*Asks:* 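Attaching a single structure in structure tokens format; questions to follow.
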Amino acid sequence: MALVQNYLTPTSFSIVIDRLPSVEFFTQKVNIPSLAAGSVEQITPLNTVFQPKQKIAYADLDVTFIVDEQMTNYQEIYGWINQNAQPRELGSYDSDTAVSDISVIINNSHKNSNIRFNFIDCFPTDLSPISLDITNQDVVYPEVTATFRYTYFTIDNLND
């Protein structure tokens, strides 16, 4: 008897960022990044043969969130980027707070935690602009996207 599977629900997820508690609640979108292993070309007298490459290239992790009215979530990422990129004095760079793990938890059709993506040693590299526009007829809450680099990610099945 075949196991019946439901489709993945793209609206049933949560994100956990220890370093950014104000971003978690307002997150609207997260893209599970692509990865590529590539191949190495080996030329032989008869044919070209491809072998698996020894490294994986991970794409960036993008997290889009609504900016709260105090701009706390925006300022959390802004401060993190500044701390990493522009230490104010010699010796002020703290490698312990430079990175943080991020977890994206995907829920199943019953809204139970199902799969967890663990992004290891993340740090923000980009924060998109905030668009404020008085010409909109409806209230459109500003969203920004934070881009993170990380060392690697793992996937845990939470229902096993």
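Treat the numbers as computed from the prediction; the structure is a model and nothing was measured. If you read the sequence from its start, that first residue is 1, and numbering goes on from there.
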*Asks:* Test side-chain contact (heavy atoms from CB on, under 4.5 Å) on T44 and T48 and set out the steps.
*Replies:* CA-CA 6 Å; T44 68; T48 300; over 6 Å; no
*Asks:* Tell me, please, which residues at least two apart from D101 pass salt bridge (charged side-chain N to carboxylate O under 4.0 Å, His left out).
*Replies:*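 Once residues adjacent in sequence are excluded, D101 has no partner under the salt bridge (charged side-chain N to carboxylate O under 4.0 Å, His left out) criterion.
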*Asks:* Would you tell me whether T135 and D133 have side-chain atoms, one donor and one acceptor, within less than 3.5 Å of each other?
*Replies:*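 The answer is yes; a qualifying pair exists.
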*Asks:* Between A59 and P33, which heavy-atom pair has the shortest distance, and what is it?
*Replies:*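 Nearest pair, atom of A59 first, then P33: O-CB, 3.4 Å.
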*Asks:* Any donor and acceptor pair, going by atom type alone, linking the side chain of N136 with main-chain N or O of D138 inside 3.5 Å?
*Replies:*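 Absent.
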*Asks:* Output yes when a side-chain donor or acceptor of N84 lies under 3.5 Å from a complementary backbone atom of A98, and no otherwise.
*Replies:*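 Yes.
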*Asks:* Rounded to the nearest 0.5 Å, how far apart are CG of N159 and CG of N108?
*Replies:*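 The CG atom of N159 sits 6.0 Å away from the CG atom of N108.
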*Asks:* Heavy atoms only: give me the nearest N73-I66 pair and the separation to one decimal.
*Replies:*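 N73 and I66 have their closest heavy atoms at ND2-O, 2.9 Å.
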*Asks:* Starting at OG1 of T11, measure out to CZ of F13 and round the result to the nearest 0.5 Å.
*Replies:*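 Spacing of OG1 (T11) from CZ (F13) equals 8.5 Å.
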*Asks:* So, taking the atom named CD1 in I106 and the one named CG in N157, what distance separates them when rounded to the nearest 0.5 Å?
*Replies:*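 If we round to the nearest 0.5 Å, I106:CD1 and N157:CG are 11.5 Å apart.
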*Asks:* Between S100 and D18, is the side-chain hydrogen bond (donor to acceptor under 3.5 Å, both in side chains) condition met? List the steps.
*Replies:* CA-CA 7 Å; S100 178; D18 293 335; 5.0 Å; no
*Asks:* Between E24 and I17, is there a donor-acceptor pair closer than 3.5 Å when you use the side chain of the first and the backbone of the second?
*Replies:*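 Confirmed, E24 side chain pairs with I17 backbone.
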*Asks:* Mark yes or no for whether D68, through its side chain, and T72, through its backbone, hold a donor-acceptor pair below 3.5 Å.
*Replies:*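 Confirmed, D68 side chain pairs with T72 backbone.
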*Asks:* Side chains of N114 and N107 only: does a donor on one sit below 3.5 Å from an acceptor on the other?
*Replies:*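 Per modelled atom types, N114 and N107 side chains form no pair under 3.5 Å.
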*Asks:* Measuring only between side-chain heavy atoms, which start at C-beta, is Y141 closer than 4.5 Å to V67?
*Replies:*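 Of all side-chain heavy-atom pairs linking V67 with Y141, none is under 4.5 Å.
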*Asks:* Take a 6.0 Å sphere around CD of Q51 and say whether it holds more than 12 heavy atoms from other residues, nucleotides or ligands.
*Replies:*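 Count over threshold, so yes.
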*Asks:* Using modelled atom types only, decide if a donor and an acceptor are shared between the side chain of Q75 and the backbone of Q70 within a distance under 3.5 Å.
*Replies:*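 Yes; judged by distance alone, with no hydrogens or angles, the pair exists.
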*Asks:* I'd like to know if the side chain of T9 and the backbone of S12 have a donor-acceptor N/O pair within less than 3.5 Å.
*Replies:*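 Side chain of T9 to backbone of S12, a donor-acceptor pair under 3.5 Å: no, none is there.
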*Asks:* Could you list all the ring pair (Phe, Tyr, Trp, His ring centres under 6.0 Å) pairs where at least one residue sits in residues 16-67, not counting sequence neighbours?
*Replies:*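 Listed by first then second residue: Y58-Y150, Y58-F153.
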*Asks:* V144 and P129: which non-hydrogen atoms are nearest, and at how many Å?
*Replies:*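 In this case the closest contact between V144 and P129 is CG1-O, 3.5 Å.
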*Asks:* Hey, could you give me the CZ/OG distance between F117 and S103, rounded to the nearest 0.5 Å?
*Replies:*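 Nearest 0.5 Å value for the CZ-OG distance: 11.0 Å.
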*Asks:* Once rounded to the nearest 0.5 Å, what's the spacing between atom OG1 of T145 and atom CG of L61?
*Replies:*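 One gets 11.0 Å once the value is rounded to the nearest 0.5 Å.
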*Asks:* We want to know whether S22 and E76 form a side-chain donor-acceptor pair, criterion being a heavy-atom distance below 3.5 angstrom.
*Replies:*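 Yes, because at least one side-chain N or O of S22 sits under 3.5 Å from a partner of the opposite role on E76.
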*Asks:* Are V63 and F148 close enough that some pair of their side-chain heavy atoms sits under 4.5 Å apart?
*Replies:*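 V63 reaches F148 side chain to side chain.
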*Asks:* Can you name the salt bridge (charged side-chain N to carboxylate O under 4.0 Å, His left out) partners of D156, sequence neighbours left out?
*Replies:*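 R116.
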*Asks:* As a quick check of understanding, evaluate side-chain contact (heavy atoms from CB on, under 4.5 Å) for I81 and F123, giving each step before the final call.
*Replies:* CA-CA 8 Å; I81 291 173; F123 60 93; over 6 Å; no
*Asks:* Hey, any chance I77 and L132 share a hydrophobic cluster, counting ILVMFWY side chains that come within less than 4.5 Å of each other, even indirectly?
*Replies:*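 Yes, it is one cluster - the side chains of I77 and L132 are joined through contacts under 4.5 Å.
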*Asks:* Please answer whether the main-chain N or O of Y78 pairs with a side-chain N or O of N82 as donor and acceptor at a distance below 3.5 Å.
*Replies:*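 Here the side-chain-to-backbone pair exists.
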*Asks:* Assess the residue pair I105 and I15 against the criterion (side-chain contact (heavy atoms from CB on, under 4.5 Å)); give the C-alpha distance rounded to whole Å, side-chain angles, the decisive distance to 0.1 Å, and a yes or no.
*Replies:* CA-CA 6 Å; I105 298 139; I15 188 166; over 6 Å; no
*Asks:* Does some side-chain heavy atom of I130 sit less than 4.5 Å from a side-chain heavy atom of Y74?
*Replies:*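 Contact flag for Y74/I130 side chains = yes.
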*Asks:* Answer with yes or no whether the side chains of T147 and D62 bring together a donor and an acceptor at under 3.5 Å.
*Replies:*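 Yes.
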